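Not measured: the values here are computed from a predicted model. Below, chain A is the first sequence line, B the second, and so on; all start at residue 1.
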There are 2 protein chains.
Amino acid sequence: MKKQISAKKNAHHHGDLRNALISAGIELLNEAGVEGLTLRKCAARAGVSHAAPAHHFRGLKGLITAIVTRGYKLFGAEMNQYIAAAEPDPKSRLRGCCKGYVQFSRSHKALASIIFNKANCFEDEPEWQEAADAAYQVLVDICAPFKHRHDRPELTEIAVWTMLEGYVNFERNGVINDGYRHSTQLHIDLLIDMLCLEVASD
Amino acid sequence: MKKQISAKKNAHHHGDLRNALISAGIELLNEAGVEGLTLRKCAARAGVSHAAPAHHFRGLKGLITAIVTRGYKLFGAEMNQYIAAAEPDPKSRLRGCCKGYVQFSRSHKALASIIFNKANCFEDEPEWQEAADAAYQVLVDICAPFKHRHDRPELTEIAVWTMLEGYVNFERNGVINDGYRHSTQLHIDLLIDMLCLEVASD
DNA sequence: GCTTAATGTTGACACTGTCAAGTGAGCAGA
DNA sequence: TCTGCTCACTTGACAGTGTCAACATTAAGC
């Protein structure tokens, strides 16, 4: 009765359960939003029992940390892709970066909504820290060529970052392009342009 | 055995359970964050059984809708208070409004984190819609006196609103004033100033 | 005073994350 | 080859959660 298990190939060793669980989690996020992300559902989708994930992650928070880590990599990749497709001048590259940021938020709604919430993650995971830093560095680099009348150069990064974050938040929650009354064809470019950034002459 | 209930005054009728549940919910949010907000805990704190809230709200989502509704009123009041305390010129009033926005986010962390998420609420609740509109109107009015080199005047509101939302989001998640490296004494004023708003001459 | 609706209670259900204990597969060493 | 051991996974349990149906009590309308 129990010996039939030997017929099945990998009854006990999945092979790459960790990655399978992360992928299952991202699928669930895409399909059912944050509410649909559950340890047990991830396990079921990966074809293992409900307690199997505990051997690979520190509970649900650990799984989310891993999901967000992969999310940061997708996020950085999306921005870099749009930057690469842009004209080589600094302003076009900045526009491309913003486009990638917004595009990522649109195509990964639920993932984008949890990615910046530190409280969801174990901050002591080095891989998470690394991925977050890498994604942020994309923005730092893209803002580096610009100056502003302010004397504090880092304000440019923060202003752009802040505007992007607010923009995608409102878009996700239907405030912009849905509930907002004037907003026919509102693009993030217009908002970024309001910062009056100028390329620093070297 | 059962007749002892008559000794107690209001065994079955709380009197104002609906408001008591909302207050309990806000307390829980302040004490334990979003994770700590639970229908059963609210009921327990209000001194009723776990299923009592169902007679006043459409489930947890309904309770959150009511909490957010009260949150919007606090939010608008906080902005108006700072506006009233500011100098009467448009720029000072705008700075006051932003200060109120940030201050609300700081003193009601968890509440502020859910207030703009439409998905948490029943959008068909008229009281919710009304409170949200009123809070938004504060910002519209405060931005009205300004012009910008852009031809679309509503962009000013969106830019300010967007920046504020991104700013408090990052602050809440520890990106600004905690994780961010350069940010000694970063104020929202500096970011708003980058928008180069000017008072329209009438 | 009777009826009826409003308001709370009780108990159950499915679902969640987490823990403890058990089981099987593969591997290291003799 | 056999023995023991560790890792990966399963099973079963537990306390919480939201929600529902059935019931009890109070308040209100007539």
Q: What I want to check is whether the side chains of B:Q137 and B:D133 have a donor and an acceptor closer together than 3.5 Å.
A: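 Side-chain D/A pair, B:Q137 to B:D133: absent.
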
Q: Separation of B:R58 atom CZ from D:dC20 atom P, in whole Å?
A: 12 Å

Q: Looking at D:dT19, C:dG17, D:dT10, which one has an atom nearest to any side-chain atom of A:S49?
A: D:dT10

Q: Could you check A:D193 against A:R95 for salt bridge (charged side-chain N to carboxylate O under 4.0 Å, His left out), going step by step and ending with a plain yes or no?
A: CA-CA 9 Å; A:D193 276 352; A:R95 289 208 182 92; 3.5 Å; yes

Q: Could you tell me the separation between the CD atom of A:E35 and the P atom of D:dT17, rounded to a whole number of Å?
A: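 In whole Å, D:dT17 P and A:E35 CD are 16 Å from each other.
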
Q: Roughly, in whole Å, what's the span from NE2 in B:H55 to C1' in D:dG18?
A: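 Going from B:H55 (NE2) to D:dG18 (C1'), I get 15 Å.
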
Q: Using distance alone, with no hydrogens and no angle criterion, decide if B:R58 and B:T65 have a side-chain donor and acceptor under 3.5 Å apart.
A: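 No pair is found: no donor N or O on one side chain lies under 3.5 Å from an acceptor on the other.
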
Q: Nearest whole Å is fine: how far is D:dT19 P from B:F57 CZ?
A: 13 Å

Q: Can you tell me which nucleotide in C:dC19, D:dG18, C:dT7 comes closest to the side chain of B:H56?
A: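 So the side chain of B:H56 is nearest to C:dT7.
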
Q: Using whole Å, what does the distance between atom P of nucleotide C:dT7 and atom CG of B:D16 come to?
A: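 Answer to the nearest Å: 11 Å.
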
Q: Just the rounded figure in Å: distance from P of D:dG18 to CG of B:L37.
A: 8 Å

Q: Assess the residue pair A:K41 and A:E31 against the criterion (salt bridge (charged side-chain N to carboxylate O under 4.0 Å, His left out)); give the C-alpha distance rounded to whole Å, side-chain angles, the decisive distance to 0.1 Å, and a yes or no.
A: CA-CA 12 Å; A:K41 283 187 200 158; A:E31 294 170 14; over 6 Å; no

Q: Regarding A:T38, tell me which of base, sugar-phosphate or nothing describes its non-hydrogen contacts under 4.0 Å with the strands shown.
A: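 If one applies the 4.0 Å heavy-atom cut-off, A:T38 turns out to touch the sugar-phosphate alone, with no base involved.
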
Q: Side chain to side chain contact (heavy atoms under 4.5 Å, CB included) with A:A135: which residues, sequence neighbours excluded?
A: A:Y72, A:F75

Q: Students often get this wrong, so: under 4.0 angstrom with heavy atoms, is B:K41 touching a base, only sugar-phosphate, or nothing?
A: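 The answer is sugar-phosphate, as B:K41 gets under 4.0 Å only of primed atoms, P, OP1 or OP2.
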
Q: Under the criterion salt bridge (charged side-chain N to carboxylate O under 4.0 Å, His left out), I'd like the reasoning laid out for B:K73 against B:E127: C-alpha separation, chi angles, the key distance, then a yes or no.
A: CA-CA 11 Å; B:K73 292 173 185 169; B:E127 207 186 347; 3.3 Å; yes

Q: Do A:H50 and D:dG12 have a side chain to base donor-acceptor pair shorter than 3.5 Å?
A: yes

Q: Which residue, B:L17 or A:A51, contacts DNA chain C at a nucleotide closer to its 5' end, judged by nearest heavy atom?
A: B:L17

Q: Between P on D:dG16 and CG on A:L60, what's the gap in Å once rounded to a whole number?
A: 18 Å

Q: Using five pairs at either end of the helix from C:dG1-D:dC30 to C:dA30-D:dT1, determine the angle between the two local helix axes and round it to 10 degrees.
A: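 That helix has its two terminal axes inclined by roughly 0°.
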
Q: For B:H108, enumerate each residue passing the ring pair (Phe, Tyr, Trp, His ring centres under 6.0 Å) test, keeping only those at least two apart in sequence or located in another chain.
A: B:F104

Q: Measure the distance from CZ on B:R40 to P on C:dT10 and round it to the nearest whole Å.
A: 12 Å

